[in-house]
Amino acid sequence: MLMKINPLVSVLHLYDVVNTPGVTSDISHMDTAAVVRGFLGQNQLEDALTGMDLVIIPAGVPRKPGMTRDDLFNINAGIVKTLCEAIAKRCPKAIVNVISNPVNSTVPIAAEVFKRAGTYDPKRLLGVTMLDVVRANTFVAEVLGLDPRDVDVPVVGGHAGITILPLLSQVKPHSSFTTKEIEYLTDRIQNGGTEVVEAKAGAGSATLSMAYAAVKFADACLRALKGEADVIQCAYVDSQVTELPFFASKVRLGRDGVVEFLPLGPLSDYERASLEKAKKELATSVEKGVAFIRK
Ligand code: LMR
């Protein structure tokens with residue numbers, strides 16, 4: 001629904017294994033410019049993808065209380081693999097936004113699928129970590145007594161627990177925090193997803209704030225595709241910012257996807273120590289994704 005509202009969308013294809021006819025009919029009555037078409041079931045997947053410039057993958061199962069994102073691996077890994085195989089066939093030049101968890105592993109899975117198909121372009125594959133940035137902006141604004149729209153918190157690393165690393169030393173507008181505030185904010189941002197999973201008590205994970213964040217990120221990709229300069233967002237991508245093969249950090253987006261990696265910038269001692277812990281977990285998650293395709 002949010003993509004149907006976006007004026008940069010001319011054609012919107014909706015794909016799922018259930019319910020797309022109803023959702024498509026419903027959304028198609030909205031008086032916005034995007035033309036909507038629905039595709040149902042795996043035999044319509046390739047048609048759904050044909051000609052697309054941007055593919056958003058939110059597919060898969062959500063967490064229940066007590067689960068980590070990695071607990072979703074066994075189901076969601078196969079779903080992402082199937083979707084990416086079809087992308088490689090039908091829209092290999094599309095920008096791909098991966099939301100399906102565990103993002104720290106599903107992005108490496110997508111990369112391996114594209115490599116196998118001979119279509120891998122690391123610039124065009126982006127893991128969506130925007131919800132971490134959205135949460136960080138919200139929680140930091142609460143502490144500072146500011147409007148969240150005026151706050152910018154870079155969040156680097158990955159999208160699970162301690163791999164989510166908000167750089168509070170680089171918050172804009174420049175702000176200083178007590179140790180207690182840093183610990184509170186880091187913990188809240190790292191566990192924002194779990195906070196929602198617990199509040200929903202078995203009925204799933206974040207869908208509304210996730211949709212908001214996904215569309216904010218997709219809009220940035222579409223603006224960059226259209227040629228807008230200075231589109232900078234955090235995303236989990238094939239990266240050389242650290243020694244890890246995939247890492248979330250600020251990137252500049254252009255017509256071909258990622259066109260520049262912004263440096264991590266000076267980190268506080270707390271952030272440096274947290275980064276080392278994050279890197280260990282990230283390395284394991286990346287290996288797990290790669291092994292899933294290579295085995
Ligand atoms: C989130 O951050 O809300 C999503 O990744 C969903 C989840 O399982 O936490």
Side-chain angles (χ1 to χ4, degrees), residues 68-70 102-105 107-108 122-123 125-146 148-195 213 216-217 220 230-253 258-287 289:
T68 66
R69 291 179 182 81
D70 186 58
V103 166
N104 293 353
S105 301
V107 172
K123 301 189 299 298
L125 174 61
L126 301 125
V128 179
T129 57
M130 178 65 97
L131 183 50
D132 303 314
V133 174
V134 162
R135 287 180 176 133
N137 292 344
T138 304
F139 304 153
V140 166
E142 260 169 38
V143 165
L144 295 175
L146 295 175
R149 289 168 298 183
D150 298 332
V151 175
D152 175 44
V153 187
V155 183
V156 303
H159 179 64
I162 60 162
T163 71
I164 300 168
L165 183 56
L167 300 182
L168 298 172
S169 65
Q170 295 180 26
V171 166
K172 285 189 193 140
H174 180 72
S175 316
S176 51
F177 300 94
T178 64
T179 306
K180 233 176 148 187
E181 284 171 337
I182 290 171
E183 285 170 2
Y184 159 75
L185 283 167
T186 303
D187 181 68
R188 181 125 193 246
I189 295 161
Q190 289 181 335
N191 294 302
T194 306
E195 187 178 313
K216 202 171 173 185
F217 188 73
D230 270 338
V231 180
I232 293 174
Q233 296 294 345
C234 290
Y236 180 65
V237 291
D238 190 316
S239 164
Q240 292 178 0
V241 167
T242 68
E243 66 277 21
L244 294 170
F246 293 90
F247 191 79
S249 63
K250 274 198 173 171
V251 293
R252 186 185 305 277
L253 300 172
V258 176
V259 291
E260 185 190 344
F261 295 88
L262 276 70
L264 275 188
L267 304 185
S268 67
D269 291 345
Y270 182 85
E271 289 160 359
R272 254 194 307 277
S274 306
L275 177 61
E276 288 316 306
K277 287 186 212 147
K279 283 200 287 195
K280 278 203 188 104
E281 183 174 319
L282 265 177
T284 309
S285 304
V286 171
E287 274 164 30

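Along the sequence shown, the residues carry numbers beginning at 1.
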Trainee: I'd like to know if the side chain of Ser285 reaches the main chain of Ser105, judged simply by a donor and an acceptor atom lying under 3.5 Å from each other, with no hydrogens or angles considered.
Mentor: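 Checking the backbone N and O of Ser105 against the side chain of Ser285, no donor-acceptor pair under 3.5 Å is found.
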Trainee: side-chain contact (heavy atoms from CB on, under 4.5 Å) between Leu275 and Arg272: does it pass, once the steps are laid out?
Mentor: CA-CA 5 Å; Leu275 177 61; Arg272 254 194 307 277; 5.6 Å; no
Trainee: Are any of the side-chain heavy atoms of Glu287 and Thr284 separated by less than 4.5 Å?
Mentor: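 A side-chain contact under 4.5 Å is absent here.
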Trainee: Could you check whether atom CD of Glu243 has more than 12 heavy atoms from other residues, nucleotides or ligands sitting under 6.0 Å from it?
Mentor: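 Counting neighbours around CD of Glu243, more than 12 heavy atoms of other residues, nucleotides or ligands fall under 6.0 Å, so yes.
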Trainee: Side chains of Tyr236 and Leu282: closer than 4.5 Å at any heavy-atom pair?
Mentor: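 A side-chain contact exists here, since the closest heavy-atom pair is under 4.5 Å.
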Trainee: Measuring only between side-chain heavy atoms, which start at C-beta, is His159 closer than 4.5 Å to Thr163?
Mentor: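 No, their side chains stay 4.5 Å or more apart.
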Trainee: Indicate yes or no: does Lys180 engage Glu183 in a salt bridge with an N to O separation below 4.0 Å.
Mentor: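 Between Glu183 and Lys180 there is no salt bridge, as every charged N stays at least 4.0 Å from the carboxylate O atoms.
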Trainee: Any side-chain heavy atom of Phe247 sitting closer than 4.5 Å to one from Leu264?
Mentor: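 With C-beta onward as the side chain, the pair touches.
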Trainee: Minimum heavy-atom separation for Glu271 and Leu168, please, with both atom names.
Mentor: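 Taking Glu271 first and Leu168 second, the nearest heavy atoms are OE2-N, 3.0 Å.
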Trainee: Report yes if some heavy atom in the side chain of Val128 is under 4.5 Å from a heavy atom in the side chain of Val103; otherwise report no.
Mentor: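 The answer is no; the side chains never approach within 4.5 Å.
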Trainee: With rounding to the nearest 0.5 Å, note down the distance linking CD in Gln190 to OG in Ser274.
Mentor: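 Spacing of CD (Gln190) from OG (Ser274) equals 7.0 Å.
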Trainee: Can you name the closest pair of heavy atoms from Gly127 and Val107 and give their distance?
Mentor: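 Where Gly127 meets Val107 most closely, the heavy atoms are CA-CG2, 3.5 Å.
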Trainee: Between Val153 and Phe139, does a side-chain contact (heavy atoms from CB on, under 4.5 Å) hold up when you go through it step by step?
Mentor: CA-CA 10 Å; Val153 187; Phe139 304 153; over 6 Å; no
Trainee: Which atom names give the shortest non-hydrogen contact between Thr129 and Cys234, and what distance separates them?
Mentor: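 Looks like OG1-O, 3.6 Å.
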Trainee: Under the criterion side chain to side chain contact (heavy atoms under 4.5 Å, CB included), which of Leu185, Thr186, Thr178, Thr179 is the partner of Ile182?
Mentor: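 The option that passes is Thr186.
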Trainee: Measure the spacing between OG of Ser169 and CG of Leu267 and express it to the nearest 0.5 Å.
Mentor: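 With rounding to 0.5 Å, OG (Ser169) is 6.0 Å from CG (Leu267).
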Trainee: Under a 4.5 Å cut-off applied to non-hydrogen side-chain atoms, are Lys216 and Gln233 in contact?
Mentor: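 Answer no - side chains too far apart.
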Trainee: What are the two closest heavy atoms between Gly158 and Ala248, and how far apart are they?
Mentor: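 Shortest heavy-atom contact: N-CB, 4.2 Å.
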Trainee: With side-chain contact (heavy atoms from CB on, under 4.5 Å) as the criterion, how do Ile232 and Leu262 come out once you've worked through the C-alpha distance, each side chain's angles and the decisive distance to 0.1 Å?
Mentor: CA-CA 9 Å; Ile232 293 174; Leu262 276 70; 3.9 Å; yes
Trainee: How many angstroms lie between CD in Glu281 and CD1 in Ile164, if you round to the nearest 0.5 Å?
Mentor: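 Taking CD in Glu281 and CD1 in Ile164, the distance rounds to 9.5 Å.
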Trainee: Indicate the atoms forming the closest heavy-atom contact of Asp238 with Phe261, along with that distance.
Mentor: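 Heavy atoms only, the tightest pair is O-CZ, 3.3 Å.
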Trainee: Give the minimum heavy-atom separation between Asp150 and Pro173, together with the two atoms involved.
Mentor: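 Where Asp150 meets Pro173 most closely, the heavy atoms are O-CD, 3.3 Å.
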Trainee: Are Val156 and Gln170 close enough, and set up right, to give a side-chain contact (heavy atoms from CB on, under 4.5 Å), and what steps lead you there?
Mentor: CA-CA 11 Å; Val156 303; Gln170 295 180 26; over 6 Å; no
Trainee: Does a side-chain heavy-atom distance below 4.5 Å link Leu144 with Phe177?
Mentor: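 Contact flag for Leu144/Phe177 side chains = yes.
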Trainee: With a 4.5 Å cut-off on side-chain heavy atoms, are Lys123 and Val259 touching?
Mentor: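 Of all side-chain heavy-atom pairs linking Lys123 with Val259, none is under 4.5 Å.
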